[in-house]
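The figures that follow rest on heavy atoms only: side chains count, while hydrogens, waters and symmetry mates do not. Protein chains get the first letters and strands the later ones, always in sequence-line order, with residue 1 at the start of each.
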There are 2 protein chains.
Amino acid sequence: MATIADVAREAGVSVSTVSYALSGARPIRPETRERIQESMRRLGFQPNAMARSLASRRSKVIALIYPQFGDGVGGTVGEFVRAAAERSREQGYQLVLWPFEVGQAKEVRNLARQGMADGVLVMEVVLDDQRIDVLEAAQVPYVMIGRTRDVQHRPSVDIDFDATVERAIEHLVGLGHRHIAFINHSQERIDAGYGPAVRAAVAFDRAMAGHGLEPLARACAESPVVGREVTADLLASEPRLTAIVTMNELATFGVYAELQHRGLAIPHDVSVLGIVTSPGVGVLTYPPLSTMHAPGAELGRLAVDRLLDQLSDGRHPLPNQLIPCVLEPGMSLGPARTEPDA
Amino acid sequence: MATIADVAREAGVSVSTVSYALSGARPIRPETRERIQESMRRLGFQPNAMARSLASRRSKVIALIYPQFGDGVGGTVGEFVRAAAERSREQGYQLVLWPFEVGQAKEVRNLARQGMADGVLVMEVVLDDQRIDVLEAAQVPYVMIGRTRDVQHRPSVDIDFDATVERAIEHLVGLGHRHIAFINHSQERIDAGYGPAVRAAVAFDRAMAGHGLEPLARACAESPVVGREVTADLLASEPRLTAIVTMNELATFGVYAELQHRGLAIPHDVSVLGIVTSPGVGVLTYPPLSTMHAPGAELGRLAVDRLLDQLSDGRHPLPNQLIPCVLEPGMSLGPARTEPDA
DNA sequence: ACGCTTCGACGAAGCGCTTCGACGAAGCTC
DNA sequence: GAGCTTCGTCGAAGCGCTTCGTCGAAGCGT
């Protein structure tokens with residue numbers, strides 16, 4: 001492998017001149033630069049990443065602390081990861097994977113101290129996340145995906161659950177729906193303070209109230225069978241129901257099953273809208289589910305950008321940046337049926 | 001950040017002694033080692049990764065060239081990635097993501113020349129894959145997931161499609177099924193030489209022949225709607241059909257829809273078996289689909305192990321290592337119904 | 001007691017780059 | 001034309017480690 005010294009010799013200049021030609025940190029006469037570039041080409045020179053990092057004290061590496069993939073149907077995490085990796089590359093950074101759970105803060109600290117990463121992206125943070133604490137202690141720039149309890153002074157990007165739910169309700173109300181139910185994640189997750197579940201629940205109540213409507217919400221275990229039971233329960237407690245919003249992919253399959261079982265047509269009798277879904281979930285059902293899918297790729301890009309902001313000018317970015325989910329029309333939404341008893 | 005020099009001073013030894021205590025490359029007297037470790041602990045010392053890599057000429061980094069996530073329902077890629085990342089970490093390596101398509105061989109070469117990775121894992125290789133060519137030219141150790149046309153001398157790990165299909169058929173035959181259909185990926189993918197589709201098709205014919213049965217196979221676009229059409233077509237051309245094997249997740253949803261539409265009960269009238277699926281797909285249907293899911297995690301671990309084999313002793317591992325899919329019982333398999341006309 | 005090996009530690013030379021200070025040549029001012 | 005700045009380049013000092021050669025001290029056999 002050719003080194004910068006080989007290039008310098010070939011081009012008849014000093015090593016430092018080659019370095020400056022490479023980085024542009026000092027002016028080089030055009031014909032000298034030409035000569036250097038020609039030599040680099042001839043030798044197939046690529047600067048050694050390790051030497052460069054050591055000398056410049058910048059590794060050009062971003063670490064991504066990421067959660068279990070693949071629970072649920074989720075392609076969202078995959079989208080996020082790929083977008084983050086691509087954006088990093090565009091900006092001349094590499095993305096390394098640190099598969100650490102919440103409990104492995106010590107490992108995070110050690111790796112951070114090894115100077116392998118200039119900054120860290122932390123996915124699926126929890127309310128009290130030790131990993132964030134050690135990163136702050138180690139003075140390593142980071143961006144969270146999600147939020148800790150203290151969110152004011154910590155840079156993060158996340159799904160805008162408020163806006164997503166608000167838009168979902170608005171859309172349904174616009175179609176004439178007045179009796180709208182919401183199927184959330186499981187009660188355990190809500191009790192555990194799982195951010196999305198808690199925030200969406202609050203947002204749903206608020207959005208319904210904003211339209212002068214009665215909120216009807218249920219927690220639901222992540223399973224089609226329970227989703228089916230919950231749907232039955234919802235129909236029993238509110239027979240005038242014409243729309244169901246779900247934030248629970250597996251439960252959604254149960255919603256479909258129960259409605260079909262009862263001979264209720266989608267969307268003629270009941271409209272169904274899946275929010276914060278993975279991409280591609282809509283086509284798994286018949287009729288295709290209308291969804292508001294999580295902006296995984298956009299979040300990935302944004303997270304990298306916010307991190308690089310910190311790395312370049314040292315300034316802290318906006319502490320929080322939220323992106324709403326995107327409506328992906330399917331065939332499961334329609335105007336509310338005329339209420340049988342209203 | 002403490003350096004090795006700080007530790008040496010603290011412990012009253014030379015820098016090289018600390019280094020040897022760290023690596024174990026030369027014997028150190030126990031009490032000296034004690035003292036050094038105590039100093040390291042006190043200073044919170046972690047060796048600088050860049051300096052270490054530069055001096056030792058080993059980056060302790062594995063690169064993963066990986067495909068688009070999230071087409072299809074797939075959690076398999078996610079499983080693979082996480083398992084590979086975890087295994088790497090266990091072995092003291094980092095996993096970096098190189099989001100490169102088949103066409104970006106030049107980028108792969110450049111990055112490889114930068115010495116950032118000691119070895120490379122290449123996912124979703126195609127029959128003639130330039131990325132493999134440049135890696136060989138650059139003498140960078142690699143392991144493929146999948147196969148190129150020339151597979152004899154190239155280390156790879158992959159799903160054992162032969163064994164998977166063979167076991168699937170065997171299982172169904174054991175349940176008394178004689179008229180078994182196979183739904184493959186789309187014709188375009190087969191024509192394009194997409195390995196899994198081609199190999200599974202061949203394996204199906206062979207397995208059926210091995211049991212003295214008539215193979216009945218169909219290509220099918222990746223969509224529930226087309227899956228439904230193909231199912232109708234299969235039932236028309238072989239009314240005695242009692243089992244359907246699918247290697248096409250989206251189509252499987254269509255299979256269910258068509259069977260239910262015709263009042264054919266699963267598994268009483270027709271058994272359905274999804275092979276090479278992502279984990280968790282089974283529970284999306286009712287009754288839960290029996291699957292043979294792709295061993296993503298196992299492949300991830302294995303790929304890393306095979307790569308590290310090369311890195312440590314320089315010997316080439318077994319060129320190919322295949323792992324069959326694992327049967328995950330659902331509720332969609334049952335004994336063949338008595339043939340109405342046999 | 002002598003030379004021999006073995007053990008444990010040290011010093012120094014890199015690894016391939018970045019970056020700082022310096023310096024000759026050329027261009028400017030008055 | 002003396003003194004100034006500006007431009008383009010060079011040399012050398014690291015960055016924080018690994019690793020090779022070396023060397024004193026202790027342990028061995030005879």
Q: Just jot down the ring-ring contact (aromatic ring centres under 6.0 Å, His included) partners of Phe45(A), sequence neighbours excluded, or say none.
A: none

Q: Using a 4.0 Å cut-off on protein heavy atoms (strictly under), produce a 5'-to-3' string for nucleotides 9-16 of chain C with B for base contact, S for backbone-only sugar-phosphate contact, and - for none.
A: BBBB-BBB

Q: Could you note down all residue pairs passing salt bridge (charged side-chain N to carboxylate O under 4.0 Å, His left out) where residues 132-144 of chain A supplies at least one of them, sequence neighbours left out?
A: Asp133(A)-Arg154(A), Glu136(A)-Arg154(A)

Q: Of all residues at least two apart in sequence or in a different chain, which pass the side chain to side chain donor-acceptor pair (under 3.5 Å) check with Asp160(B)?
A: none

Q: With Asn110(A), which residues qualify under side chain to side chain donor-acceptor pair (under 3.5 Å), at least two apart?
A: none

Q: In what stems does DNA chain D take part, counting only runs of at least 3 consecutive Watson-Crick or G-U pairs whose two distances fall under 3.5 Å?
A: C:1-30 with D:1-30

Q: How would you list, by chain and number, every residue that makes a side chain to side chain donor-acceptor pair (under 3.5 Å) with Ser88(A), sequence neighbours excluded?
A: none

Q: Considering only residues two or more places apart or on different chains, which pairs with a residue in residues 39-56 of chain A satisfy side chain to side chain donor-acceptor pair (under 3.5 Å)?
A: Glu10(A)-Ser39(A), Glu10(A)-Arg42(A), Glu38(A)-Arg41(A), Glu38(A)-Arg42(A), Gln46(A)-Gln114(B)

Q: Consider only side-chain N and O atoms of Ser14(A) and Thr17(A), and report whether a donor and an acceptor are under 3.5 Å apart.
A: yes

Q: Return the value, rounded to whole Å, for the distance between atom CZ of Arg9(A) and atom P of dC10(D).
A: 14 Å

Q: For Gln46(A) and dC17(C), what is the distance between atoms CD and C1' respectively, to the nearest whole Å?
A: 14 Å

Q: Any pair with a residue in residues 20-33 of chain A that passes side chain to side chain donor-acceptor pair (under 3.5 Å), sequence neighbours left out, goes on the list, sorted by first then second residue, please.
A: none

